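In what follows, a single structure is set out as structure tokens and then discussed.
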Amino acid sequence: MDTIHLSPRLEAVLQFISKSSCLADIGSDHAHLPCRAIQDGRAAKAIAGEVRSEPLHQSTSNIAALGFQKYIDVRLGDGLDVIREPGEADTIVIAGMGGELITDILERGKEKIGKETVLILQPNIREARVRNWLNENGWTIVNETIVDESPHIYEIIKARQETAVRKLSELELKMGPILSSRKESVFLKKWKKREQRLIGILQALSQAEQTAELARKKKESERELHLIRMCLSEN
Ligand code: SAM
């Protein structure tokens, strides 16, 4: 059987799955991720959860074409509703959505997450929102990675529940506690680009007529620029 090809982003998500007895991929779309996890032996079985019926049909035929019906259960439903009992999935992946939708799914489905469950989250935007939710809900970020799929750069966050959770700083919430300490080249590329963008925004704001809304935006952009520069200047 040919290896199922994943984009670099999904390949990085896959690499974060370690020996799962039941993987739940929420918003699975085509179900390529659970298929590869089964194929690689990273998951013994999987749930492909999807809220729309159209991709669900596509997943079902993809899974059948591989002969994986006995390993992957395709379930139609909203977020973590597809998980039947707390802890049914020892690994939950939510990838390819905005940070707000990811945190909304987690918040509404909290009771379906087991004590030992590992979360692997890949927000397309608003990563800070996801980290903030994790930090406020007893989760520790145990790994992070960053992937360049030009023009997009994606961050992937792995977390576990712990009794004592260290409060993350504003900088860590924004840039990632692990990513900001490793400072890999893709990370530097992302934040140098954002730094330039903020400089442009602040220049434009300084030339515009001042309103309360613009003053708020200016303060916010200055704060973000300060955090980025603080991080980029640290060794
Ligand atoms: N996870 C795949 C990936 O990373 O390539 C697919 C990402 S796709 C952009 C987002 C998928 O999430 C869509 O198929 C969408 O229908 C599904 N989705 C959106 N909201 C959802 C929800 N509340 N519950 C389950 N699936 C959802």
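Because the structure is predicted, anything quoted here is derived from the model rather than measured. All values below were derived from every heavy atom in this structure, side-chain atoms included, with hydrogens, water molecules and symmetry-related copies excluded.
The minimum heavy-atom distance between S20 and D90, with the atom names listed, is OG-OD1, 2.6 Å. Residue T103 comes nearest to W133 through the heavy atom pair CG2-CB, 3.5 Å, listed as atom of the first residue, atom of the second, then distance. The two residues K217 and I201 have their closest heavy-atom pair at CE-CG2, 4.5 Å. R166 and N135 get closest at one heavy-atom pair: O-ND2, 3.0 Å.
Residues L66 and I72 fail the side-chain proximity criterion, which asks for heavy atoms closer than 4.5 Å. Residues D40 and I17 are not in side-chain contact: their nearest non-hydrogen atoms beyond the backbone lie 4.5 Å or more apart. Contact of the L202 side chain with the E222 side chain is registered, since non-hydrogen atoms from C-beta on lie closer than 4.5 Å. Looking at heavy atoms from C-beta onward, H152 lies out of side-chain contact with R9 at the 4.5 angstrom threshold. Side-chain atoms of S59 and E50, non-hydrogen and from C-beta on, never get closer than 4.5 Å to each other. Between L121 and L106, the closest side-chain pair of non-hydrogen atoms falls below 4.5 Å. You'll find the side chain of V118 reaches within 4.5 Å of the side chain of K158, heavy atoms only. The side-chain heavy atoms of R182 and F187, taken from C-beta on, include no pair separated by under 4.5 Å.
More than 12 heavy atoms of other shown residues, nucleotides or ligands fall within 6.0 angstrom of atom CD in E111. The number of heavy-atom neighbours closer than 6.0 Å to CD of E54, taken from other residues, nucleotides and ligands shown, is 12 or below. No more than 12 heavy atoms of other residues, nucleotides or ligands shown are found within 6.0 angstrom of CZ on R126. For CZ of R197, the number of neighbouring non-hydrogen atoms (other residues, nucleotides, ligands) closer than 6.0 Å is 12 at most. Annotation: Y71, atom OH; neighbour count of heavy atoms from other residues, nucleotides and ligands within 6.0 Å does not exceed 12.
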Problem set entry | Worked check of salt bridge (Lys or Arg N to Asp or Glu O under 4.0 Å) between R229 and E195 | CA-CA 8 Å; R229 286 182 165 163; E195 181 186 24; 2.9 Å; yes
For this session: Apply side-chain contact (heavy atoms from CB on, under 4.5 Å) to E234 and S181, showing your working.
Result: CA-CA 9 Å; E234 281 168 1; S181 70; over 6 Å; no
For this session: Show the numbers, then the answer: is there a side-chain contact (heavy atoms from CB on, under 4.5 Å) between I153 and I146?
Result: CA-CA 7 Å; I153 291 182; I146 187 161; 3.5 Å; yes
Exercise. Going through the distances and angles, do Q207 and Q203 end up as a side chain to side chain donor-acceptor pair (under 3.5 Å)?
Worked result: CA-CA 7 Å; Q207 284 154 17; Q203 266 165 6; over 6 Å; no
For this session: Starting from the C-alpha separation in whole Å, work towards a yes-or-no answer on side-chain contact (heavy atoms from CB on, under 4.5 Å) for T3 and R36.
Result: CA-CA 7 Å; T3 302; R36 247 308 277 293; 3.8 Å; yes
Exercise. For E155 and K190, what are the C-alpha separation, side-chain angles and deciding distance, and is it a side-chain contact (heavy atoms from CB on, under 4.5 Å)?
Worked result: CA-CA 10 Å; E155 296 180 12; K190 170 175 175 158; 2.8 Å; yes
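Interatomic distance, E170 CD to N132 CG, rounded to the nearest 0.5 Å: 10.5 Å. In this structure, F16 CZ and R42 CZ are separated by 11.0 Å, a value rounded to the nearest 0.5 Å. Between the CD1 atom in I199 and the CZ atom in R194 there is a gap of 11.5 Å [rounded to 0.5 Å]. Atom NZ of K174 and atom CG of L179 lie 13.0 Å apart (nearest 0.5 Å).
For the side-chain hydrogen bond (donor to acceptor under 3.5 Å, both in side chains) with E220, the qualifying choice from K218, R223, R216 is R216, the only one to do so. Among I157, I26, I94, the single residue meeting the side-chain contact (heavy atoms from CB on, under 4.5 Å) criterion with I102 is I94. When the options T117, V142, L119 are evaluated for a side-chain contact (heavy atoms from CB on, under 4.5 Å) with R160, the one that passes is V142.
Electrostatic pairing of R131 and E172 does not count as a salt bridge here, judged by no charged N lying under 4.0 Å from a carboxylate O.
Hydrophobic clustering of Ile, Leu, Val, Met, Phe, Trp and Tyr side chains at less than 4.5 Å, counting indirect connections, unites W139 with I178. One hydrophobic cluster, built from ILVMFWY side chains closer than 4.5 Å, cannot hold both V74 and V51; they sit in different ones. Hydrophobic clustering (side-chain heavy atoms under 4.5 Å, transitive across Ile, Leu, Val, Met, Phe, Trp, Tyr) keeps Y154 apart from M175. Under the 4.5 Å side-chain heavy-atom criterion for ILVMFWY residues, no single connected hydrophobic cluster contains both I47 and L76. Side-chain heavy atoms closer than 4.5 Å link hydrophobic residues (I, L, V, M, F, W, Y) into clusters, and following such links, possibly through other members, connects L171 to L225.
With 3.5 Å as the limit, one finds a donor-acceptor pair spanning the side chains of Q15 and E11.
Between H30 and H32, the angle of the ring planes stays under 30°, which puts this pair in the parallel group of the 30/60° scheme.
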